[in-house]
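Protein chains get the first letters and strands the later ones, always in sequence-line order, with residue 1 at the start of each.
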2 protein chains.
Amino acid sequence: MFNKETEYALRGLVYIKLQNLKGRRPGTAEVSKEIEAPPFFTAKILQRLVRSGLLESLKGKGGGFFFDPEKPELQLVKLVSATEGDRSFTGCGIGLKYCDKANPCPLHEKYAPIRESINNLLSEETVQSLAQKVHKKEISLTNALK
Amino acid sequence: MFNKETEYALRGLVYIKLQNLKGRRPGTAEVSKEIEAPPFFTAKILQRLVRSGLLESLKGKGGGFFFDPEKPELQLVKLVSATEGDRSFTGCGIGLKYCDKANPCPLHEKYAPIRESINNLLSEETVQSLAQKVHKKEISLTNALK
DNA sequence: TTACCAAAAGACCTTTTTGTCTTTTAATAA
DNA sequence: TTATTAAAAGACAAAAAGGTCTTTTGGTAA
Ligand code: FES
Ligand code: FES
């Protein structure tokens with residue numbers, strides 16, 4: 001589905017939002033540990049998200065990562081665009097230069113609707129909506145062996 | 001959706017089957033040209049498919065690639081397993097170690113049905129069924145610019 | 001049986017992805 | 001204003017994906 005960077009970003013952002021709800025601002029060490037992702041890589045990914053304006057951060061004592069309450073919820077499609085680029089879920093299923101329903105590949109008829117449902121999912125869900133699910137239900141961000 | 005190897009394999013196999021229907025056995029040069037894939041890489045990929053028993057080949061004059069008429073149709077899921085490994089469309093959407101509906105991630109509820117429809121597609125469709133579509137309709141394996 | 005043809009095998013290379021680590025910068029608190 | 005804290009920046013490296021090329025092997029046909 002997603003590449004590693006997107007997976008870590010997704011889990012990390014949901015964890016950060018979840019902590020924000022509790023009035024906390026987690027740092028890289030805490031985030032990486034809680035989402036079971038490589039520490040330095042997690043730090044780099046969070047940095048990139050801040051630079052691209054999807055996340056806020058504060059240095060120094062009491063610093064960490066948080067979401068700007070002023071900004072609208074972060075749609076997953078925005079996140080994926082930032083980490084994997086726009087072309088992720090727009091291309092042809094068998095790799096033609098572009099997907100053209102007027103000149104479709106043999107997979108188009110069945111694949112195009114699936115691709116659309118993925119795009120719907122990515123538009124509907126946000127980091128905040130996912131955090132809400134974790135917050136309310138018994139739903140998790142990790143599932144370590146045993 | 002798929003990685004490059006799978007894309008080239010898919011396009012290549014459909015092209016080969018299409019030619020088989022016309023009584024021909026195309027070689028690597030022809031296949032790579034027709035599906036617009038890198039020649040040497042295409043050759044390597046077809047070799048792997050032969051080694052894994054999904055495709056047949058003949059060396060020497062008049063040689064080339066072809067499907068064994070005795071064998072059942074090649075489900076796309078078989079092909080994808082061979083090129084990308086089994087875990088391609090079984091894993092968790094946000095990268096948890098495994099997808100467990102008893103302990104779901106926040107994306108599970110909406111993602112699992114999509115993943116299943118992808119798996120249905122990959123089970124239903126075969127290289128032969130795709131070749132049939134290209135054969136019957138005005139459907140293509142390439143769509144060069146202009 | 002020789003010449004030729006085309007796939008098989010495998011070495012090699014490039015790019016991208018994934019990951020690590022050190023140094024610098026900025027914020028806070030004492 | 002100094003010590004401490006934590007992110008920012010960026011160099012570096014390992015691994016995987018993507019791609020190229022040469023040599024060998026096994027067929028075919030003349
Ligand atoms: S043309 Fe291939 S998916 Fe639309
Ligand atoms: S647990 Fe994540 S998709 Fe099922």
Side-chain angles (χ1 to χ4, degrees), chain A residues 1-13 15-16 19-20 24-68 80 82-85 87-88 95, chain B residues 1-13 15-16 19-20 24-68 80 82-85 87-88 95:
Chain A
M1 181 73 167
F2 302 118
N3 62 26
K4 290 295 176 192
E5 179 174 356
T6 304
E7 285 181 1
Y8 299 154
L10 241 176
R11 302 216 297 272
L13 290 178
Y15 177 79
I16 290 167
Q19 294 305 311
N20 289 173
R24 303 186 59 253
R25 285 195 296 249
T28 58
E30 176 181 343
V31 172
S32 71
K33 191 181 170 195
E34 293 298 323
I35 68 172
E36 294 177 8
F40 290 112
F41 195 24
T42 303
K44 174 183 279 189
I45 290 168
L46 293 180
Q47 278 171 36
R48 288 176 184 161
L49 293 172
V50 170
R51 229 181 309 180
S52 58
L54 303 182
L55 181 67
E56 318 297 317
S57 69
L58 264 177
K59 289 182 181 181
K61 221 164 226 172
F65 296 92
F66 61 100
F67 286 89
D68 183 346
V80 174
T83 53
E84 309 192 357
R87 241 194 124 172
S88 305
Chain B
M1 181 73 166
F2 302 119
N3 62 26
K4 290 294 176 192
E5 180 174 353
T6 305
E7 286 181 0
Y8 298 154
L10 201 41
R11 301 215 298 273
L13 290 179
Y15 178 78
I16 289 168
Q19 293 306 312
N20 288 173
R24 301 187 60 252
R25 286 194 296 249
T28 57
E30 177 180 342
V31 173
S32 71
K33 191 181 171 195
E34 292 299 323
I35 68 172
E36 293 177 10
F40 290 114
F41 196 23
T42 302
K44 174 184 279 187
I45 291 168
L46 294 180
Q47 276 171 37
R48 287 174 183 162
L49 293 171
V50 170
R51 231 180 308 181
S52 58
L54 303 182
L55 183 66
E56 318 298 317
S57 69
L58 264 178
K59 289 182 181 179
K61 220 163 227 173
F65 297 92
F66 61 99
F67 286 90
D68 182 347
V80 175
T83 53
E84 308 192 359
R87 243 192 122 176
S88 306

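For the pair B:F41 and B:K61, both in contact range of DNA chain D, the more 5′-proximal nearest nucleotide belongs to B:F41.
A nucleotide of DNA chain C counts as in contact with chain B when one of its atoms lies under 4.0 Å from a heavy atom; the first and last such, 5' to 3', are C:dC5 to C:dA11.
The stretch residues 46-58 of chain B touches DNA chain C through B:Q47, B:V50, B:R51, B:S57, B:L58, each having a heavy atom within less than 4.0 Å of the strand.
Residues B:Y15 and B:V31 share a closest heavy-atom pair of CD2-CG2, 4.0 Å. For the pair A:A9 and A:T83, the tightest heavy-atom approach, listed with the atom from each and the gap, is CB-CG2, 4.4 Å. Scanning both residues, A:P26 and A:Q19, for their nearest heavy atoms gives CD-CB, 3.7 Å.
B:N20 is not listed as a side-chain neighbour of B:F65, based on a closest heavy-atom distance of 4.5 Å or more. In this structure, A:L13 and A:F67 have side chains that are in contact, with non-hydrogen atoms separated by less than 4.5 Å.
With values rounded to the nearest 0.5 angstrom, B:E34 atom CD is found 12.0 Å from B:R11 atom CZ.
Under a 4.0 Å N-O distance rule, the pair A:E30/A:K33 does not qualify as a salt bridge.
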Under 3.5 Å, which donor-acceptor pairs do the side chains of residues 39-50 of chain A form with other protein atoms, sequence neighbours left out?
residue: A:T42; atom: OG1; partner: A:P38; partner atom: O; Å: 2.7
residue: A:R48; atom: NH1; partner: A:E5; partner atom: OE1; Å: 3.1
residue: A:R48; atom: NH1; partner: A:E5; partner atom: OE2; Å: 3.0

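For B:F66 and D:dG27, the CZ to C1' distance is 12 Å, given to the nearest whole Å. For the pair A:N3 CG and D:dA17 P, the computed distance is 12 Å after rounding to whole Å. Residue A:I45 contributes atom CD1, which lies 15 Å from atom P of D:dA7 at whole-angstrom precision.
Of the listed nucleotides (D:dA8, D:dT20, D:dT4), D:dT20 has the atom at the smallest distance from the side chain of B:K44.
Using a 4.0 Å cut-off, no side-chain N or O of B:Y8 falls inside it from OP1 or OP2 of D:dG18.
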